[in-house]
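This report concerns only the one structure given below.
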Amino acid sequence: MTAVIEEKRRDIDFDIEDVVENIIRVYPTKVAKKRRKHIVVRDPSEPQEIEANVRTVPGIITQRGCCFAGCKGVVIGPIVDMIHIVHGPIGCSYYSWMTRRNQGVPREDGHYYLEYCFSTDMQEDNIIFGGEKKLRAAIREAYEIFKPKAISIHATCPVGLIGDDIHTVAKEMSKELGIDIVAFSCEGYRGVSQSAGHHIANNGLFEHIVGKDDIELDGYTVNCLGEYNIGGDAWEIERILDRCGIKVASTFSGNGSYTEYRRAHMANVNLVQCHRSINYMAEMMETKFGIPWIKVNFIGVKATSKSLRKLAAFFEDDALTEQIEKVIEEEERAAEEAIAPYRERLEGKTAFLFVGGSRAHHYQDLFRDLGMKTIVAGYEFAHRDDYEGRDVLPYIKVDADSRNIPELDVEPDPERFKPRKDPEKLKKLKEMGIVDTYEGMMKDMGSGTLVVDDISHFELEYLMKELKPDIVCSGIKDKYVIQKMGVPSKQLHNYDYSGPFAGYKGAVNFAKEIDMLINNPSWSFAKAPWEASPLIKGALIIE
Ligand code: SF4
């Protein structure tokens with residue numbers, strides 16, 4: 001049970017089960033009962049269940065955000081050629097203004113609004129008398145100034161409470177201005193985390209934008225789903241796919257484009273990077289248009305090659321397979337050569353990963369490339385299928401907190417449903433683990449490692465003190481607490497303003513930065529010299 005951790009901390013006498021029990025013991029009985037279900041000590045010999053996607057315990061200092069953050073901040077906000085209006089008081093808009101590093105570039109038509117922050121800036125009057133009038137005025141003003149191709153409206157907490165009908169406003173304004181205007185009811189209190197916002201965003205994008213233009217695409221084409229181009233990740237993935245002879249038709253939604261989504265249904269296959277935020281879109285596109293999806297991971301050298309080989313198996317074209325193998329051979333060799341000196345200095349070190357809903361799994365592959373082990377991993381807002389694999393989907397109960405997130409009723413499109421593979425072939429590819437399947441994070445974690453869902457601040461600090469990881473990868477809220485404890489911290493949300501970390505070149509960037517962090521001499525100064533070893537020695541002699 002304690003194998004992996006003991007290997008690293010031979011000098012420390014502890015049992016991982018005791019560590020967990022000591023955490024739980026600190027909580028009041030009711031909280032202890034709840035939190036125990038969110039912590040799993042991995043035992044690969046048996047199927048294990050974790051509690052996830054349920055309400056956070058009040059006052060526990062969670063790292064979670066809200067539904068608005070998941071919808072506007074994560075999925076819709078990165079679309080470069082739409083104007084995204086936040087309907088609410090200024091806070092939500094201001095704090096999410098360019099703080100997520102989803103990069104983008106203007107297309108030939110020049111529409112590009114990423115650097116702006118659009119808000120209706122609701123005041124007391126709008127809360128009392130309603131904000132619809134102000135919202136209409138904001139849409140008209142934005143249209144007059146920028147003439148965008150499409151606009152999105154995002155509800156914040158008060159909007160649902162006062163009853164503003166943003167969907168009717170969107171419909172009427174769309175008619176008046178002659179452009180697509182899509183409203184998202186993503187009030188912060190919906191669901192229990194960012195996750196509800198992802199689902200709402202997927203629904204709105206799918207219902208109102210995806211699949212509007214039947215424009216044929218040439219060659220092998222894919223959509224990259226759940227890739228947000230943090231620090232340029234999507235561009236590195238695009239570079240590699242391009243070398244293989246595969247074109248990216250659209251990316252949901254890093255550097256994403258409204259125009260590209262309208263014809264995204266014409267691609268051959270969807271590649272799912274972040275399963276949590278975009279699996280709804282993958283499922284709905286498959287049902288309506290017949291596009292299968294492949295779970296990929298472009299984080300890590302070996303993981304990138306494995307994902308490319310899945311694509312080769314899917315397309316079944318000898319020339320393409322040959323080209324993919326050539327790219328893998330060249331890129332792997334170059335990346336491994338560049339990583340080798342860092343790996344020498346990192347081999348055997350341990351990592352503690354706590355990220356949103358996918359990276360705590362993806363980065364384990366990259367750490368493996370560096371010779372490092374992940375001893376704790378967890379998610380803010382993942383569901384059980386992200387931890388345990390999609391086989392558990394039929395057994396997940398939707399509780400009262402998530403029941404108000406609509407599930408769309410999707411049917412095959414009578415004219416445009418086009419199966420990409422015959423059903424037998426598809427079944428076989430699924431059995432081989434290539435299409436329409438995801439095994440989750442836990443299966444990749446060894447005996448005695450820890451999986452923690454919706455970690456509390458106390459749990460994070462306690463685990464750090466007990467397990468002494470060499471690096472903690474999480475977000476901005478706890479970065480400086482971790483570093484003040486003398487432990488290097490790498491932000492895996494915004495990459496500490498660096499990147500890309502995806503693909504082969506990204507892996508080299510990451511290796512360099514992890515080496516710089518862990519082997520930085522500054523950590524040896526965290527303790528004052530007189531604390532580490534006393535400078536003055538004295539003796540009291542009594543005669
Ligand atoms: S919880 Fe409400 S107020 Fe806070 S950021 Fe989310 S939408 Fe805005």
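Values reported hereafter were calculated over all heavy atoms of this structure, with side chains retained and with hydrogens, waters and symmetry mates removed. Both ligands and their constituent atoms are indexed starting at 1 by order of listing. As the structure is a prediction and not an experimental result, all values here were calculated from the model.
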Enumerate donor-acceptor pairs with a distance under 3.5 Å from any side-chain N or O in residues 25-32 to protein atoms, sequence neighbours excluded.
{"unit_1": "R25", "atom_1": "NH1", "unit_2": "N22", "atom_2": "OD1", "d": "2.7"}
{"unit_1": "Y27", "atom_1": "OH", "unit_2": "S456", "atom_2": "OG", "d": "2.9"}
{"unit_1": "Y27", "atom_1": "OH", "unit_2": "E459", "atom_2": "OE2", "d": "2.5"}

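- Salt bridge status for E283 with R390: present, with a side-chain N to carboxylate O gap under 4.0 Å.
- Shown are the protein N/O/S atoms under 2.8 Å from atom 2 (Fe) of ligand 1, given by residue and atom: C157 SG.
- Of the protein's heavy atoms, at least one falls inside 4.0 Å of atom 3 (S) of ligand 1.
- Between F146 and Y116, the distance separating the two ring centers is shorter than 6.0 angstrom.
- Closest heavy-atom contact between A52 and D453: CA-OD2, 3.5 Å.
- For N126, the side-chain contact (heavy atoms from CB on, under 4.5 Å) partners two or more places apart in sequence, or in a different chain, are M122, Q123, K134.
- For D399, the salt bridge (charged side-chain N to carboxylate O under 4.0 Å, His left out) test picks out no residue, with sequence neighbours left out.
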